[in-house]
Amino acid sequence: MISFLLRKLPSVAVVALISSAIAFILPRLAPGDPALAIAGSDATPEQLAAVREQMGLSKPLIQQYLDWMFGMFRGDFGQSFIMRRPVTTVIGSRLESTLELAFLAMLLMIAIGLVLGVLAGSPRSKWARVVLDIMTTLFLATPPFLTGLLLILFLGIFFPILPISGEVGFFENPWLALQFLILPALALALPQAAIVARLLQTAMNSARGEDYVDLAKAKGVSPGRITWRHVLRNSLGTAVVALGLRAGDLLAGAIVIEAIFARNGLGSLAVYSVQSRDYMVLQVLILGAVILAVFIQLFSEIILAALDPRIRLES
Amino acid sequence: MIETRQAPATQPLLRVEHLSTTFDMGNVSVRAVTDVSFDLYPGRVLGIVGESGSGKSVTARSVMRMLRSPGQVREGQVLLDGEDLLAIPEREMQAIRGKKIAMVFQDPQAALNPVMRVGDQIAEALLVHGTSAKEARKRAKALLAQVGIPDVERTIDQFPHEFSGGMRQRVVIAIALANNPTLLIADEPTTALDVTIQAQILRLLAQLRLELGISIIMITHDMGVVAELCDDLVVMYGGRVVEKGPVRDVFASPRHPYTAALLKAVPRLDAKGDEALIAIPGSPPVPLRLPSGCAFHPRCSHAIDKCFNDTPPLSSMGDRRESACWVAAAGGNVEPRPTDEFGRHRRQASGAAPTLRLDNVRTNVASSGGLFSKTPPVYAVDGISLEVFPGETLGLVGESGCGKSTLSRTIMGINDVSEGRIEVSGTDVTSMDLAARNLVAKTIQYVFQDPFASLNPRRTIGQSILEALEVVGVTGAEADNRVVALLIRVGLSEDYVSRYPYELSGGQRQRVGIARALAANPKILICDEPVSALDVSIQAQIISLLEELRDELGLGYLFIAHDLSVVRHISDRVAVMYLGRIVEVGTAEEVYGNPQHPYTVALLSSTPEPKPDQSTEHRVILTGDMPSPARPPSGCRFRTRCPIGPAFRSDREICNRQSPELAATASGQKAACHFAGEASLARG
Amino acid sequence: QEHGGILTISQVADAQPVALLALRAGNTPWIRNVFETLTRIDPATFQPQPVLAESWTLAEDGLSMTIALRSDVTFHSGRPMTAEDVKFSFETAALPESTSQVGFIAREFESMDVVDDHTLNIVFKRPLSNVFDFFEETYIVDRDTYDQREDGSQVIGTGPYTFAEWSPGASITLKRYEDYRVEDTAWFDEIEVAIIPDPTATIAALRSTRTQIATGLTPRDTLEFTRNPQFEVVETGGTMYPLGVNVGIAPLDNKLVRQAIAYAVDRERINDQVFLGTGTVTDLFWSPSAPGYTDELASHYSYDPEKAKGLIAEAGAEGATIPIVVPAIPSQRSIFEIVQNNLREVGLIPEAVVLDVADFDKRQVAGDLGAAFLLLHGQIGFSSPTLLSSLPSLREGNPSGFWNDDYVALREAMLAATTPEALGEATTALTEYMLDEAYSTVLVQAPGQIVVAAGLEGVETSVRGGLILAGAYEE
Amino acid sequence: MTDTAPPNRQKARLNPVLSRYLQAFVMPKGQIGLGLVILLTALALLAPVLFPGGYDMQTRDSLLPASWAHPFGTDELGRDIFVRSIYGLRTDLALAATAVPLSMIIGTFLGLSGALSPRLGSLVQRALDIIVGFPGLILAICVVLVVGAGWTALLVAIVIGGLPGFGRLARATFLSQQHREYVVAARTLGVSNWKIMVRHILPNAIDPIIVQGAVFVVAAVFTEAALSIVGLGLQPPEPSLGILLNVGMRYITMAPFYILGPTLILVLLALAFSLLADALNSTVNRK
Ligand SMILES: Nc1ncnc2c1ncn2[C@@H]1O[C@H](COP(=O)(O)OP(=O)(O)OP(=O)(O)O)[C@@H](O)[C@H]1O
Ligand SMILES: Nc1ncnc2c1ncn2[C@@H]1O[C@H](COP(=O)(O)OP(=O)(O)OP(=O)(O)O)[C@@H](O)[C@H]1O
Ligand SMILES: [Mg+2]
Ligand SMILES: [Mg+2]
């Protein structure tokens with residue numbers, strides 16, 4: 001595994017380098033700059049110029065980029081223009097919120113996805129099939145933000161059961177925190193869970209047609225055991241890959257969900273950084289997301305290899 | 001032939017009566033099996049033969065009650081020791097499966113669960129029938145040893161993918177034997193295996209039958225296998241039993257035109273090579289559109305009026321023989337009439353220059369690796385020299401994975417030549433630059449193995465052939481005419497132009513593949529296993545077509561196959577390949593008549609022949625599998641399995657050290673062996 | 001009265017300790033509890049009241065002022081505050097990088113002399129009627145630590161509460177300053193400022209009593225609290241929403257078209273539908289209490305589409321396309337939609353150019369917003385002379401490109417006025433001129449709204465909407 | 001069964017692909033999906049005829065709850081939300097109808113580029129991988145900022161956002177087809193790379209691409225809505241479903257029905273295209 005990771009290192013580095021350049025340049029192409037957030041909209045042109053000078057924004061772009069890159073090798077990810085603290089601190093302070101959300105969403109996605117998938121992938125009565133099918137289709141069709149809005153409307157406003165916006169740190173008050181988390185996590189998880197369920201169902205159905213299932217049946221193995229030991233076990237690979245891909249989507253979906261449910265996570269930080277042109281924060285966020293996506297991919301390859309002995313990471 | 005062919009016991013172990021199975025697909029109902037009856041007596045081996053789609057597997061699955069949906073048994077009884085398996089509840093059936101009746105499937109690659117350890121899969125068969133986990137593991141070890149898996153302590157915890165095909169099939173057999181079943185149903189257990197491995201498995205089955213007294217139903221389409229292993233025979237056609245009887249008698253005097261034709265359609269190893277194959281015309285029926293009357297009548301050269309309308313019943317033809325044929329019932333002759341045949345003229349190498357010449361060619365198939373990693377080379381073709389002369393057929397045989405396809409792909413320029421030199425019509429084309437590519441494409445064309453995969457399913461037959469013409473610059477109306485001409489040349493009619501591949505049968509598609517290859521007027525066709533995906537009867541048609549074309553157009557062939565009989569039939573010269581090298585090459589008579597290399601000997605003697613009562617005792621059966629080309633053995637590549645090599649004769653360590661050169665032998669051909677000529681065929 | 005407990009308030013924007021001397025939404029709710037000013041304008045009387053200054057005397061000629069400071073003031077660092085600190089704070093505010101809106105006033109100071117530790121003498125270049133606006137908005141900062149304010153690690157003032165902690169985007173914690181000079185004040189041990197950008201979340205927090213004071217809400221959000229006895233809605237400070245046009249771009253270079261546009265807009269409907277009637281319908285920039293503000297002037301451009309049509313016809317500008325730049329802010333979008341509807345009624349073709357806020361701000365600063373634009377200025381509470389120079393719509397380099405001798409003369413007259421009467425006259429004169437030129441007219445002035453939970457007493461606000469919690473206590 | 005002629009071969013031969021797609025509408029899923037798509041498209045197309053007053057009829061009746069006169073109620077400026085929703089649908093469908101085919105064509109071509117040159121193919125793949133790595137909307141937001149909020153920006157953002165999806169599918173087809181015997185056969189015949197791509201690989205890529213296209217319609221509308229929610233969507237007064245949601249969200253406690261209507265339309269739209277994609281998918285996968 002170590003050698004597998006080592007072998008992947010160069011291509012990860014290339015991806016990281018290119019994305020760093022894009023992450024650096026793309027936000028800077030947009031009109032406006034972070035000095036405005038400091039100077040305020042009422043500022044006079046002289047005031048703005050003075051602030052720009054003070055922030056080091058008048059340096060050439062390439063030098064800013066190199067400063068940033070070399071800084072990162074020294075572990076210095078730069079300073080937020082707006083918050084005037086190390087980017088790592090800024091991101092660190094928002095990390096908890098997003099991690100809590102992503103973690104719960106991931107749990108829900110795995111639980112709902114696997115349950116729905118296994119139910120749909122097992123022989124069942126026609127009606128159960130239709131109901132399951134409608135459920136997954138509905139979940140699948142409704143993107144997270146719509147699910148979020150509907151959840152807000154029904155569970156927050158028409159039947160005010162759960163809080164609809166804001167958040168509480170989990171370690172401050174776990175119970176309250178959970179109440180704030182449930183709706184956004186559910187909104188994020190449902191569509192993804194439906195995708196996982198669909199893929200699992202397809203994988204199980206095709207696994208069911210494999211010869212080894214026939215052999216198991218010929219051995220006298222009961223249908224239940226066939227489903228668990230043979231069919232599901234062979235379909236989990238697909239599910240894991242799906243989960244890996246979806247995990248990336250979960251984080252992506254967090255941006256809108258955080259906006260809708262007014263959570264102060266990385267997603268809202270990203271949006272805020274875009275709006276205030278806090279390039280330093282934004283470029284680290286983008287770079288982090290790209291690298292995270294790459295690692296999730298690697299991680300699911302590793303899990304896949306653990307699940308399926310035919311796949312070897314070395315070769 | 002094993003000496004247990006005593007008269008059957010009085011009570012059949014398994015009696016199948018009037019079994020009919022259908023598949024209901026929406027508005028149509030496919031009758032896959034109709035009114036099938038047979039008996040299996042304890043300790044005997046019953047063979048079921050028939051072409052693809054004749055209902056063999058469905059019959060077996062009906063017995064096991066393991067039909068794939070929407071299959072359903074409509075009628076009939078399956079009596080095991082007098083108990084009707086079709087009538088008992090599923091739970092009880094579960095207890096019988098794997099306990100009393102066990103089944104072995106065709107494809108050893110797919111039959112084992114890839115993510116479960118081999119030992120666990122064997123143990124599961126015991127666990128579900130009530131054995132304790134500890135006991136089950138102990139028995140699993142014993143079973144693995146029994147089916148001949150080496151180093152059980154280690155291998156028991158391996159995964160299926162770490163096993164070779166032959167070993168996997170052994171594991172499947174071990175699973176089947178786990179609970180000492182009284183009945184073993186083997187559905188084409190060796191079809192996917194090489195002859196050398198097939199011989200190992202057949203020997204294992206014969207031994208088991210002898211030692212454990214298991215009754216076996218052996219499903220196969222290979223008459224050779226039947227002759228070798230079975231006592232009784234059931235021949236199926238179009239979902240019905242058309243003939244039944246003891247193997248010896250059926251082979252000696254078939255009582256159904258289909259059986260008779262089938263026996264004649266198979267090329268023989270011992271044939272002199274100048275008689276034509278008698279192909280069965282047409283193609284096997286599709287169950288959805290079974291012909292009326294006798295399903296065989298459209299292909300039967302003896303058909304009388306009655307055959308068109310009335311289905312002949314299975315009627316007794318004397319001593320335990322039954323046949324379903326109006327002609328035979330009336331006492332008529334059922335031997336196939338020779339169709340318009342082609343005299344086989346063996347060619348000797350004329351003085352002409354070879355059209356294709358390979359000189360010490362090596363091909364590296366290792367993937368190039370990533371940007372930053374280097375992979376060690378894997379030479380699937382490792383120093384091959386050969387020549388194909390105009391109008392000559394060079395046969396190339398060898399086990400699966402020995403590099404036959406890689407060789408042909410190298411010639412076509414799909415794989416790059418790592419070393420050596422390829423000449424086409426005297427011009428060096430090794431570089432495969434544009435000019436060389438054009439020359440190759442003009443001179444050599446390729447006929448693919450899988451007729452289903454080599455035609456684009458989304459393009460019509462006409463479009464596929466037009467494309468080939470377009471490349472050589474034929475366009476417009478001329479091209480259209482050429483397409484029709486080509487189709488007619490390969491025995492298809494004009495109206496195939498606008499059909500899609502899915503509307504064609506396998507044989508028809510292979511004809512299209514040949515037509516496409518002929519578009520460029522090549523001098524040589526490389527045929528990579530052109531018939532191995534086809535049914536026996538169709539196989540004969542394609543071989544005849546190829547022979548016809550050769551004689552008419554003066555084509556040369558590089559004919560690749562692993563079926564030795566087919567190669568013998570069509571080839572002027574034969575090359576035997578092992579692990580990337582040619583180990584023996586000579587005329588067909590020389591190589592088959594007096595093989596000099598022990599590998600050739602082993603291949604020949606492993607090939608089952610459709611002749612019952614042939615002694616199998618002196619067979620040379622190779623042990624183990626072919627090593628991987630990534631790690632070839634030192635010295636002689638064959639030494640690890642060689643029956644006359646250092647594995648058996650410790651004094652022969654020259655084989656470990658020195659790789660033998662391909663050198664002329666006393667009997668004429670060339671062989672690459674330090675002890676050429678020592679091993680010999682012990683034919684009965 | 002007892003000390004103790006935690007007060008939680010919410011604000012919408014994040015704190016910006018880097019811009020202590022400028023007016024920022026993210027600082028307004030808490031800054032007056034950490035920092036103090038020399039004087040504070042009483043929202044009721046508009047008269048300056050002493051805070052850090054004990055007293056002040058303006059010279060007869062109005063060209064210098066002597067300020068006596070309190071002697072018992074200490075910074076949170078423990079150091080006593082002296083006149084040097086005041087001088088430092090004023091000088092810093094005058095620098096452009098402080099981005100202070102009132103810094104331009106300090107640039108009118110000829111000199112500042114520290115007479116002794118507690119006396120400061122300021123000499124003006126000319127009489128400064130709005131010097132108390134400067135005092136009102138300029139916090140006295142600790143000159144030793146001012147450079148370390150940016151990341152919130154050293155935000156040192158003299159107020160009753162200390163700036164203890166800041167988690168960007170999440171919260172600010174204020175702690176009681178134990179050595180505050182006044183004993184019976186700062187009743188809470190701690191003030192927690194939660195940063196909640198989303199109004200729905202703010203409301204939810206308020207309802208669930210997680211917070212006791214909510215700031216930064218819009219009238220739409222506070223509507224339900226106005227009818228709820230559990231809460232009190234306090235109006236303070238606020239924002240004005242002008243519609244400006246560039247007098248250099250045809251057809252807006254025609255005064256008639258500009259006037260037509262001003263007549264065409266249905267200000268009442270904007271107030272009703274966008275601000276739910278909480279705003280003040282006016283076409284003036286001045287506060288209604290300012291000298292020279294009259295209802296007649298304020299309703300000069302009351303909704304009159306017929307008149308507008310007539311003017312447009314007269315100018316021959318029917319069917320002219322008017323691109324209107326709008327920042328991507330919800331309320332501005334709604335205002336735009338009404339304006340658009342109104343302008344269409346009178347035969348013009350308005351087109352939206354929605355700009356992201358950063359982009360919009362940049363162009364506003366540069367005074368380059370195109371033909372027409374909807375602006376917003378959160379400066380309600382300043383005196384008229386201050387507004388004249390601090391509002392981007394009115395100052396030199398305004399995006400309307402409106403700057404001529406008449407205008408400059410009228411402005412100078414207003415800036416030079418030293419008595420309320422004189423100021424009133426000058427204001428009226430300027431206002432009439434501005435209305436006639438119609439290069440930028442206010443649509444609505446909307447107050448800022450603060451919701452305070454019942455049971456919380458002693459909450460005060462500054463004229464500009466700052467929260468003053470020194471005397472706040474829980475009942 | 002045996003005596004009837006083989007099923008209308010002429011038709012099947014003329015266009016087997018099309019007839020296979022038509023099969024999708026035999027199953028209830030496909031029928032419901034197609035029905036909804038037709039209904040929604042018809043509503044969108046006919047909006048100017050059905051509601052000649054347009055979407056900007058401002059009145060003083062702000063935020064009325066749902067009634068017969070206003071099925072979804074009225075908005076803050078007294079406009080009928082139902083009418084605005086339909087016009088919004090029109091906007092969104094028009095956007096999708098432009099962006100989806102564009103993204104589809106470009107993405108497919110990029111994915112297949114490996115057929116022209118393996119090096120180019122893997123390069124393109126890397127590039128697409130990087131796009132995928134961009135956190136959710138950030139790429140779209142950056143595009144909007146660079147191009148300037150509005151129709152063009154949305155179009156570009158949606159097209160770019162779709163590229164990796166289509167590209168991956170096309171590339172997967174390319175990778176699986178590349179070694180197929182009929183592709184190898186064409187290559188040994190000497191057919192040019194370009195022709196191999198267009199004739200042999202592209203047709204096989206079309207099925208999954210079309211299914212993905214139906215799915216991506218939903219994603220396109222979603223991108224519009226999400227950008228609008230963040231405040232960078234289309235410009236007023238032209239309504240889009242996203243803008244309606246964006247504004248409606250601000251009234252969610254005061255007038256919850258405000259967003260209910262547009263949400264409903266969006267759910268229907270998403271459902272319609274998902275069902276369609278589903279039905280197509282299952283016919284396409286049926287061998
Ligand atoms: N799952 C199924 N669904 C529909 N038809 C089926 C199914 N399985 C088998 N059939 C039909 O039954 C016929 C007989 O199939 P069967 O598998 O028994 O043939 P076979 O003799 O075993 O052929 P092969 O040599 O290819 O294995 C087939 O032609 C097919 O039409
Ligand atoms: N791309 C490849 N990468 C690695 N190994 C390969 C590759 N292609 C072929 N090989 C190896 O080369 C050997 C020869 O393969 P080839 O397909 O030529 O065999 P073959 O004789 O045609 O077998 P078969 O009879 O099964 O068609 C095999 O061991 C195979 O595993
Ligand atoms: Mg079969
Ligand atoms: Mg091969």
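Naming convention: chains lettered A, B, ... in sequence-line order (proteins, then strands); numbering from 1 in each chain. Just the heavy atoms: all of them, side chains too, but no hydrogens, waters or symmetry mates, feed the values below.
- Contact of D/Leu269 with chain A is not made at all, since no heavy-atom distance falls under 4.5 Å.
- Heavy atoms closer than 4.5 Å to chain A are found in both the backbone and the side chain of D/Val267.
- The side-chain heavy atoms of A/Val15 and D/Asp129, taken from C-beta on, include no pair separated by under 4.5 Å.
- Chosen from D/Leu245, D/Leu264, D/Leu275, the residue pairing most often with chain A at heavy-atom distances under 4.5 Å is D/Leu245.
- A side-chain donor-acceptor contact under 3.5 Å links D/Thr173 to the backbone of D/Leu169.
- At least one donor-acceptor pair closer than 3.5 Å links the side chain of A/Glu258 to the backbone N or O of A/Gly267.
- Note: A/Phe154 and A/Phe159 fail the aromatic proximity criterion, with ring centroids not under 6.0 Å apart.
- Proximity to chain D is limited to the side chain of A/Arg198, based on heavy atoms less than 4.5 angstrom apart.
- Residue with the most contacts toward chain D among A/Thr202, A/Leu26, A/Asp133, A/Leu146: A/Leu146 (heavy-atom pairs, distance under 4.5 Å).
- One finds no salt bridge joining A/Asp33 and A/Arg277 here, because no Lys/Arg side-chain nitrogen approaches an Asp/Glu carboxylate oxygen to under 4.0 Å.
- Put simply, the side chain of A/Leu190 does not reach to within 4.5 Å of the side chain of A/Thr142, judged on heavy atoms.
- Contacts between A/Leu138 and chain D at a heavy-atom distance below 4.5 Å involve backbone atoms as well as side-chain atoms.
- Taking the six-membered ring where the residue is Trp, A/Phe24 and A/Trp68 present parallel rings, their angle staying beneath 30° rather than reaching 60°.
- When each of A/Thr137, A/Leu153, A/Leu29 is checked for heavy-atom pairs under 4.5 Å with chain D, A/Leu153 comes out on top.
- Between chain D and the residues A/Ala254, A/Ala293, A/Pro143, the largest count of heavy-atom pairs under 4.5 Å involves A/Pro143.
- Proximity to chain A (any heavy atom under 4.5 Å) is restricted, for D/Ile141, to the side chain, taken from C-beta onward.
- Of the atoms belonging to A/Ile260, heavy atoms from both backbone and side chain fall under 4.5 Å from chain D.
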